[in-house]
Amino acid sequence: VKYVELAAVVVVPDNKNLAAIYEPQPALRSSGISRPVSSSLPPILGNDVLLTWTDRVHKFGINSLWITSSPTEGCEADPGLGRLLRQGIERLLMIKLKSYAEMDLADLIRFHCQRQNSMTEVHDSRGQLGVSVLDRDRVPADGQRCESLGVRTNFEPATYPFQGYAKRILSSSERQELVGDALTAACAMRPRGTEIRDQMWIGEGVSLASSARVIGPTYIGDRSIVRAGATIGPFASVECDCVVDCGTTLERSTVLPCTYLAPGLLIRHALVDGGHLEDLSSCTVVDLQLGGLATRMPKRQASATGSVEAATDAFSQTPNNRFRSVPSIAEWHTFES
Amino acid sequence: MTRDSTILTFPRATNSAGRRALRKRLRNALRTSELPIIVDFSGSQTLDHEDIDLLLDCVSQVAGRDTQLWLSAGSRAIEVLLDVIRISRLVPVFSSVDEALGFMSRRRTMSKACEDGIPMA
């Protein structure tokens, strides 16, 4: 049995019951975390939150990192956790992937050791952040009930009061706040792309019509297309492989990957994911697909010109062919970062 | 219909024949009504593309005429949809029929006060 003082487990929320712990890959053990898996969570300004955590864990010097998924809260203990402990791990840093937090892991571990408590949970002013440190004796044995791959305890865990930057990414409104903060450099996260102007970020292979308006702070992700007369921003994020059709306005909103938005819409303070829109002020979810206003498109891999063609195909595949025709390719300008 | 306005329930048709019949009834009412018209969406949970077409039809029916058209969303979801398709930029949208009627009543009081030369607060 190899003795490991400290290991980390990242628990990714997932609808699929993947309840299996992935063995650490060689890349994680030794030279670094080379983007092992991507989380099922949508990216934030092109960033995968799973990778921000795994990078943080790696920089802290933890080479034993496991990634698992948890479909629901309060599931049965994953047998993998017990297996993990039998491999000789003394202490476990457990990160449930529900928040983005700029956390000093060294300080957390120091706090945990000083308190001499078997378990420490990280809280900010709004409650748990989903990060905890637990000693070997507190990890459940196989088959015991646990809470989201955590531990059901009959004692009070120590609370680590976190006062740094944190946002709960499973909340659409906090996610939008994180987008705004990242665009204005109010937190450490940076959009993945090129800053073509102040607070205006563009990914690779983006197509912008000459008459489209981009108002910073704004992010347009890889291979996305913004058509004639559309207005993006301020505080808008169009993730990768999206199409914003002619004349549509997007303000203080996020469009998740592979979303098509029909012409002439006004999207304000909302999160659009495929054919659904969530109004962030009232948390109301509405179906845009029924009205032919938005839909999910297949992910595109091609170059910018290919993207336009792929998008054209996507429109012709949309239900009832409700979307209008596509402008000619000559209208487009391509930004390659 | 109230004394001062016509309230039309937005058709909630289940098939295209029913939808066509309701559309005709709605268009006729829009064409002939002398009173302000409130279209009530409280029976609708969402709007599909035919509903949006019908709504645009309603707006075009009253455009250029002296008829006032107001919309009563009935739910936050419909309110959001009306905002997304920018109808709320063309036609006043209220949360409920009561709110629309209340607004109408206040406006009438104000215009009467103006006619009578009473200063309003």
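Numbered from 1 within each chain, the chains take letters A, B, ... in sequence-line order.
Taking CZ of A:R192 as the reference point, atom CD of A:E239 lies at 11.0 Å (rounded to 0.5 Å). Once rounded to the nearest 0.5 Å, the distance linking CG of A:L265 with CD1 of B:I85 reads 9.0 Å. Atom-to-atom distance recorded for B:L81:CG and A:L277:CG is 8.0 Å, nearest 0.5 angstrom.
At a cut-off of 3.5 Å, with distance as the only test, a side-chain donor of A:D181 or A:Y165 sits close to an acceptor on the other residue. Judged purely by distance below 3.5 Å, without hydrogens or angles, the side chains of A:T249 and B:R86 pair a donor atom with an acceptor atom. There is a side-chain donor-acceptor pair under 3.5 Å between A:S282 and A:D279.
A salt bridge links A:K167 with A:E177: the distance from a Lys NZ or Arg NE/NH1/NH2 to an Asp or Glu carboxylate oxygen falls below 4.0 Å.
If you tally non-hydrogen atom pairs under 4.5 Å between each of A:V286, A:D287, A:L288 and chain B, the highest count goes to A:V286.
With a 4.5 Å cut-off on non-hydrogen atoms, B:V80 touches chain A through its side chain but not through its backbone. Only the side chain of A:I267 comes within contact range of chain B, with at least one heavy atom under 4.5 Å from a heavy atom of that chain.
Residue-level contacts of residues 39-47 of chain B with chain A, in order of numbering, are B:T46, B:L47; threshold 4.5 Å between heavy atoms.
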